[in-house]
Each structure stands twice: as structure tokens, then as C-alpha cells.
**Q** 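Supplied in C-alpha cells, the structure appears directly below.
By convention in this document, chain letters (A, B, ...) are assigned in the order of the sequence lines, proteins followed by strands, and residues within each chain are numbered from 1.
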Amino acid sequence: MVCRAGHENDPVEKMRHSCAHVMADAVQRLYPKAKITIGPVIEDGFFYDFDYPAGFTPEDLKKIEAEMEKIVKENLPFERKEIGKKEALEFFKKLGENYKLEIINGIEGDKVTFYTHGKFTDLCKGPHVAKTGDIKAFKLLKVSGAYWRGDEKNPMLQRIYGTAFASQTDLDAYLKQLEEAEKRDHRKLGQELDLFEINPDIGSGLVLWHPKGATMRQIIEDFLKRELTAAGYSWVNTPHVGRASLWETSGHLEFFKENMYAPMEVEGQTYYLKPMNCPFHIEIYRSRRRSYRELPVRLAEFGTVYRFERSGVLHGLTRVRGFTQDDAHIFCTPDQVETEINNCMELVLKILRAFGLTEFKAFVATKPAKAVGRDADWEKATKALKGAVELHKIPYEIDEGGGAFYGPKIDLRIKDALGRFWQLSTIQFDFNLPERFQIGYQAATGEFERPFMVHRALLGSIERFFGILIEHYAGAFPVWLAPTQAILLTISDEQSEYAQKVLESLRREGFRASLDDRNEKLGLKIREAQLKKIPYMLVIGKKEMQEEKIAVRSRQGGDLGAMGLEKFIERLKGERQ
RNA sequence: GCCAACGUAGCUCAGUCGGUAGAGCAACUGAUUCGUAAUCAGUAGGUCGGCGGUUCGAUUCCGCCCGUUGGCUCCA
């Protein structure tokens, strides 16, 4: 048992930690056969893993909770005791707690600490609250399977998750927040707003983009296309499959095969669906001799890739098997590295900010023990990455030795409206593929040189980014992204013709507008438009028709009163940018 | 893949302690032309995820499969 590093003195963490002990105690009181293993504090709560093959049902959870209440009422003191390892081993041996034996044997030094409350004793570094009665408000949340030490070769344990807070009010607030997150779930909103579907008849982890979702995707792609073109990228398109020999050269069959779809045979040749775009871009790079004069070469593509993900890890749009990367590869000379990376960073930030994502955290991963490439190149590249995050004043951490074997990288995480962090962008050097594909350029000296190669994705996967965006905005997209920006609502049939004209005017101005002239009450039309989260509802009744106006209602602000179409168009244009 | 829960109409869900199912919304039809979050009435819609077993009889019980969801990274 342990608190999270750096949080040992946080009173809530301490209480959660103690709560985990109380839960383990309750479990063993009710189910003496259950063996205790580990139970750390995690973000927002705690869990405890038990070896109990019968498993726990949701009803068991209620019983355990009730038992915990009793233990809290008993107000038992937590007592700390230092004890020799030998004695500790004997203690747990007698209880048949073999997982604890394994843990003790892995601990350095010859002393360990025990924490006891009532008749329950656990191996534990502490600290704890003084008495079980100090645990104020708690709740068990869910059960799941988990492997001992996270390794699937080990026995499957039963994990119970719970959380505890300093007061019932705090706990309720937390549960409410969970509910709020559930309401924003992109899978739910995706269906309600008719944006996309993942259909088992098509296949797990494969996305069908419905018209509204596809409209948004195109807006996103158009925006990126404009920005990247302006930043000097060239656009390429490459196929979805490639010959086995290509993936042998690239090394994917050696290192990435377990993530690739099974091969297919065509006329005696073996082909694989592409899990990455890089080999294709490299082939384009080396389609002719390159001179230092034309570097940097920046090849960009919205490249759709397929990766085999184990069925259990698939999740809505954020973890899929087929997805499109906003991928690009930069080939440049050593002199250009710094500028290229800085420009990449600038571009990433500009684009993410356009989507209302303004808080970032960067992780710079450096050279691992096993790596390819020259030390000097690693140093130069790592320095450029650090320089770029510092230049743009992004808070960052160094992930020492956390880079891939083929190069250092920056992972950029962004914070969404609910305060959750998501990893989106990545800027990654590659010292491996240029070598494998033997690419080069002719330097000023006339010598044949190897270029630096950088993989970079700003949004990462468009599918995943879209999912995050849906949750970030809770489906209420800003005008520039909304699939329908304004909907015209007539009050009676008499206004249909006039409304149709207004609709045409809006469309001519390039707006995504629609018309609801059904024979229904205004209240119903507003309700439906509101549920679709359309930014503007334009009411047209007798009055508006006579005065050649529209009554504007905004999604969040309600009735804004009547105005001329010109004035409304001006307003919309301002929000479109 | 593994552990657990779940799979009933387009959607959300109820139900059957074994005798082949029901609501609301949506759809369709009709009436209503009604000014800022749900007008009324009617009609239609289901091999109760698939296959097999037990049974006179299975949507219900059992087994297998498929799919969905949560977890399997947090190391006393």
C-alpha cells in the first residue's frame, strides 16, 4: 500500500489510502477466502486488488460498502509498527497471504512497516489518518478484472475501485462531475447529433462518418490544408496497401507486426494494409535525386491507416482500428533542424488554439538505452525539441530515456473543458528509416548526405481529435465548426416562400443553413433545434415577413430580437473566422 | 485476448419465477396554421444479438459464439 509519490501529506489522499485499508478489511470480514494484494491511491480515488476467483457482483459491492460503514463507525485507530522482514514474512505466511510474501521479498532493506486497525493488518508504508472514523464520505464505484502486476501471464485478480472525499458535499460534487462527463460522452452525442456511427456489421473500431460529422471533418481538414499549405507543405496521396517487401525494408514487419492487419495475397504477392504512412512518403522523397537546395521537403497527407488493436481496448472514436492521421514528414539538412522544429511547434499551437484548446503540457522524450543513430544527431535533435517548447513557453517535462529507439520526440498534451489531458500532437525524429531506405541528398560539397527526418502529426488521428472536440464543446460547436449554423423556423405556412428566399441568401453567403417549415408549433421547432445545438434559430412570422427581417434566437442567449438579414449575416461572419 | 456486466421496435427502456412481448419518443396518416424548449388522434413497426442443448413448449434456464460497455498503465 502506498500513497502516490509526492502526495503523501495530502489529507484527502491519506484518507483514500486509509479507506482502501478499510475496504480490504470489509472484504475479508465478508469473504475470508479473498487474498489481499495491492491497493494504491490513484487519481480521484483508490482501488484494491483481491485474489478471489469467484468475483464480486454489484450486490457484493453494496454489502462491502455497508461493512465499511460499520468499520468507520467502530472508529478504530490506525497503528503503525516497524517490523523485521523475517517476522513480517512469517506473519503473512500464517495468514496464507502469498502475494504479500512476494511483495516483501521485493522490498529493499531489512525492515518493513505494518498498519493495523482492529484485527486487520496490512503491509504499508503509510501514512494514514488517525482513526477509521476520520474517513468522511466514500463510495465504491466498480469492479473489474486486473492481472497481478499488470501482466497477463499472471493470475487475474478482482479489482474494486472506490473513492473518498473530505465531505459528502465533495463526494456528491465528484459524482455529479462524472455524470456531466457521461452526458458529454462523444459516443452518446455522436448518435444524438447524428455525427457518426461505429457499426458492428462494418467491423469493430471502424467509423462511418454521417453527413453532419463528415461536414465537420471537412471543415477541419480544409482549415488544416490552408494552414499547412501556407507553411510550405506539399500534399501527397498514397495507397492503403503496400507490398510485404516495403514493410520489410521499413522494419514494420519486424517491430510492428502484432499491430498490423493480417496480410492478403494478390497474384502471388503479399500485401499489407498500411499501419503508417511513412514508407510511402519516403518513397516519394526518393523518387528522384534531391539537392540540398530543395530541402526542406515537407510532405503532408491525411493518411488513413489501419492498426490491429485488441478488441478490449477499442473505445468510441478515441481508440479505433481504422483512422486518418494528419500526417507529415519533413526531410531537412542539419542546419534546418532547429527552424523546422520551431515552426512545427508554432503551427501546432496556432491550430489547437483555433479549436479552443489553450492549455498545453509537453513531454520531451530523450534517448533510451537501446537506440539507433549517432549520438551527435540525437543531441542536436533533442536540443531542438527542448528549444522549441522553451521558445513557445510551454510547460514541459523531460521523459529521460523515454524516446523510441529511432529518435527523440515531443508529445503534446492538451487540457479540455473538463480539465482532462489528452495526448494529441507529436513531433518525432527518425534516425532509422532514412538509414533503412538509404535516402539522401546532395550537399553543397557534392557529397551524398543523409537528411534528418521528422514525423509530425498535429491532431494525431482525426477520428480521435473529433471525439475529443465533441466532448470539449459538449456538442455545442462554435459557428465555424457547427454542421448547421442557423436554422430558419416559420410560424405558419404563409412564411414558407419568404423563408426559402432567406435560406437561399444565407447559402449564397456560404453559410450552412436549413429551413424548418413543417406545420408544427414554434415551441417544438425551437426545442428540436436547441437539442441539435444549432447556434442560431431564425424565427420568421407574419411580422418579420412584412418588415423583411428575421427574429434571431441564439442557442445560449435566447431571443435577441428582430434584425435585418444583412445585420445577422455580419454577425455570423464575425463568428465564422 | 483476459475479468465482469449487458444485448428486447430506429432511439431510450419496461416485462416474462418457461406458455412466442409492452411504453414513451421517432416514423407514417389525418386534423390543427398555433410567436421562443414537446398540439391532438390514429396506423404501422419486434425470428427479445446468433447457434446449439434441456423441455410438450425457450425471449426467459444451460452452453458456445458474436457484439457493446467498464477495467486489465498507477506496484507495500
**Q** Between U69(B), G35(B), C75(B), which one does the side chain of R187(A) approach most closely?
**A** U69(B)
**Q** For A9(B) versus A4(B), give the span between their P atoms, rounded off to a whole number of Å.
**A** 26 Å
**Q** Ignoring hydrogens and angles, answer whether the base of G71(B) and the side-chain atoms of Y147(A) contain a donor-acceptor pair closer than 3.5 Å.
**A** no
**Q** Using a cut-off of 4.0 Å on non-hydrogen atoms, how would the nucleic acid contact of G312(A) be classed: base, sugar-phosphate, or nothing?
**A** base
**Q** Check the distance between G1(B)'s P and N154(A)'s CG and give it to me in whole angstrom.
**A** 20 Å
**Q** Using the side-chain heavy atoms of S492(A), tell me which of these nucleotides is nearest: G35(B), U33(B), U68(B).
**A** U33(B)
**Q** Here's a test of your reading of the structure: between E108(A) and G558(A), which maps to the more 5' nucleotide of RNA chain B?
**A** G558(A)
**Q** Taking only Lys NZ, Arg NE, NH1 and NH2, and the carboxylate oxygens of Asp or Glu, determine whether D110(A) and K85(A) approach each other closer than 4.0 Å.
**A** no
**Q** Grab the CD1-P distance between I103(A) and C75(B) for me, whole Å please.
**A** 12 Å
**Q** Nearest whole Å is fine: how far is U73(B) P from F421(A) CZ?
**A** 23 Å
**Q** Filter on salt bridge (Lys or Arg N to Asp or Glu O under 4.0 Å), then keep only pairs touching residues 519-538 of chain A, sequence neighbours left out; what's left?
**A** R518(A)-E528(A)
**Q** In this structure, is the centre-to-centre distance between the rings of F46(A) and F138(A) below 6.0 Å?
**A** no
**Q** Could D151(A) and R149(A) be called an ion pair, given the rule that one side-chain N must be under 4.0 Å from one carboxylate O?
**A** no
**Q** In Å and rounded to the nearest 0.5 Å, what is the CD1 to CG distance from I103(A) to N98(A)?
**A** 10.0 Å
**Q** Name all pairs fulfilling the side chain to side chain donor-acceptor pair (under 3.5 Å) condition that reach into residues 535-559 of chain A, sequence neighbours left out, sorted by first residue then second.
**A** Q530(A)-R553(A), Y536(A)-R571(A), Y536(A)-E575(A)
**Q** When you compare U60(B) with G49(B), how far apart are their C1' atoms, in angstrom units rounded to a whole number?
**A** 15 Å
**Q** Nearest whole Å is fine: how far is C72(B) C1' from I38(A) CD1?
**A** 12 Å
**Q** Considering only side-chain heavy atoms of L531(A), which listed nucleotide, G1(B), A37(B), C72(B), is closest?
**A** A37(B)
**Q** Looking only at the side chain of M156(A) (C-beta and beyond, no hydrogens), which of the listed nucleotides U33(B), C3(B), G67(B) gets closest?
**A** C3(B)
**Q** Please answer whether the main-chain N or O of H128(A) pairs with a side-chain N or O of S18(A) as donor and acceptor at a distance below 3.5 Å.
**A** no
**Q** Salt bridge or not between K183(A) and E180(A)? Use side-chain N to carboxylate O under 4.0 Å.
**A** yes
**Q** Between A23(B) and G46(B), how many Å separate the two P atoms, rounded to a whole number?
**A** 14 Å
**Q** Ignoring hydrogens and angles, answer whether the base of G1(B) and the side-chain atoms of E309(A) contain a donor-acceptor pair closer than 3.5 Å.
**A** no
**Q** Distance only, no hydrogens: is a donor on one side chain within 3.5 Å (strictly under) of an acceptor on the other, for Y99(A) and D49(A)?
**A** no
**Q** Rounding to an integer number of angstrom, what distance separates C6(B) and C48(B) when you compare their C1' atoms?
**A** 14 Å
**Q** Looking only at side-chain N and O atoms, does S204(A) come under 4.0 Å of OP1 or OP2 in U68(B)?
**A** yes
**Q** From the options G1(B), G71(B), U36(B), select the nucleotide whose nearest atom is closest to the side chain of V313(A).
**A** G1(B)
**Q** Start at the 5' end of RNA chain B and walk down; is the nucleotide closest to S311(A) or to D493(A) reached first?
**A** S311(A)
**Q** Between A58(B) and C62(B), how far apart are the two P atoms, rounded to whole Å?
**A** 16 Å
**Q** Just checking A551(A): base, sugar-phosphate only, or nothing, at a heavy-atom cut-off of under 4.0 Å?
**A** base
**Q** If you check every side-chain atom of R310(A), which of C75(B), A37(B), G1(B) has the closest atom?
**A** G1(B)
**Q** Which pairs, with at least one residue in residues 407-420 of chain A and sequence neighbours excluded, count as a salt bridge (Lys or Arg N to Asp or Glu O under 4.0 Å)?
**A** E359(A)-K415(A), K409(A)-D411(A), D416(A)-R420(A), R420(A)-E471(A)
**Q** Taking only side-chain N and O atoms of H315(A), does any of them lie within less than 4.0 angstrom of OP1 or OP2 on G70(B)?
**A** yes
**Q** Output yes when a side-chain donor or acceptor of R159(A) lies under 3.5 Å from a complementary backbone atom of F47(A), and no otherwise.
**A** no
**Q** Distances under 3.5 Å between protein N/O atoms and the N/O atoms of nucleotides 4-11 of chain B, please, pair by pair.
**A**
unit_1	atom_1	unit_2	atom_2	d
C11(B)	O3'	Q191(A)	OE1	3.4

**Q** Rounding to an integer number of Å, can you tell me how far F47(A) CZ sits from C72(B) C1'?
**A** 10 Å
**Q** Which part of the nucleic acid does E544(A) contact within heavy-atom distance under 4.0 Å: base, sugar-phosphate only, or nothing?
**A** base
**Q** Of the listed nucleotides (C72(B), C74(B), G70(B)), which one gets closest to any side-chain atom of K142(A)?
**A** G70(B)
**Q** Does K81(A) come within less than 4.0 Å of E87(A), counting only side-chain N to carboxylate O?
**A** no
**Q** Write down the distance separating the P atoms in U20(B) and G57(B), rounded off to the nearest Å.
**A** 15 Å
**Q** In whole angstroms, how far is the P atom of G50(B) from the CG atom of D201(A)?
**A** 12 Å
**Q** In whole Å, I'd like the distance from the CD1 atom of I526(A) to the P atom of U39(B).
**A** 12 Å
**Q** From the list C75(B), G35(B), C72(B), which nucleotide is the closest neighbour of the side chain of L522(A)?
**A** G35(B)
**Q** In dot-bracket notation, what is the pairing pattern of RNA chain B, taking Watson-Crick (N1-N3 plus N6-O4 or O6-N4) and G-U wobble (N1-O2 and O6-N3) contacts under 3.5 Å, with [ ] crossing and | for other strands?
**A** (((((((..((((.....[..)))).(((((.......))))).....(((((..]....))))))))))))....
**Q** So does E90(A) pair up with K94(A), basic N to acidic O under 4.0 Å?
**A** no
**Q** Mind checking if K543(A) touches a base, just sugar-phosphate, or nothing, with heavy atoms under 4.0 Å?
**A** base
**Q** Whether Y161(A) contacts C3(B) is assessed here as follows: a side-chain N or O lying under 4.0 Å from the phosphate OP1 or OP2. Is that the case?
**A** no
**Q** Please state how far atom CG in L157(A) lies from atom P in C2(B), giving the value in whole angstrom units.
**A** 17 Å
**Q** What I want to find out is whether D172(A) reaches K176(A) closely enough, with some N-O distance under 4.0 Å, to be called a salt bridge.
**A** no
**Q** For nucleotides 24-31 of chain B, print each protein N/O atom paired with a nucleotide N/O atom at under 3.5 Å, atom names and distance only.
**A**
none

**Q** Taking atom P in both G22(B) and A31(B), what distance in whole Å separates the two?
**A** 30 Å
**Q** When the ring planes of F50(A) and Y48(A) are compared, do they come out parallel, tilted or perpendicular, using 30° and 60° as the limits?
**A** parallel
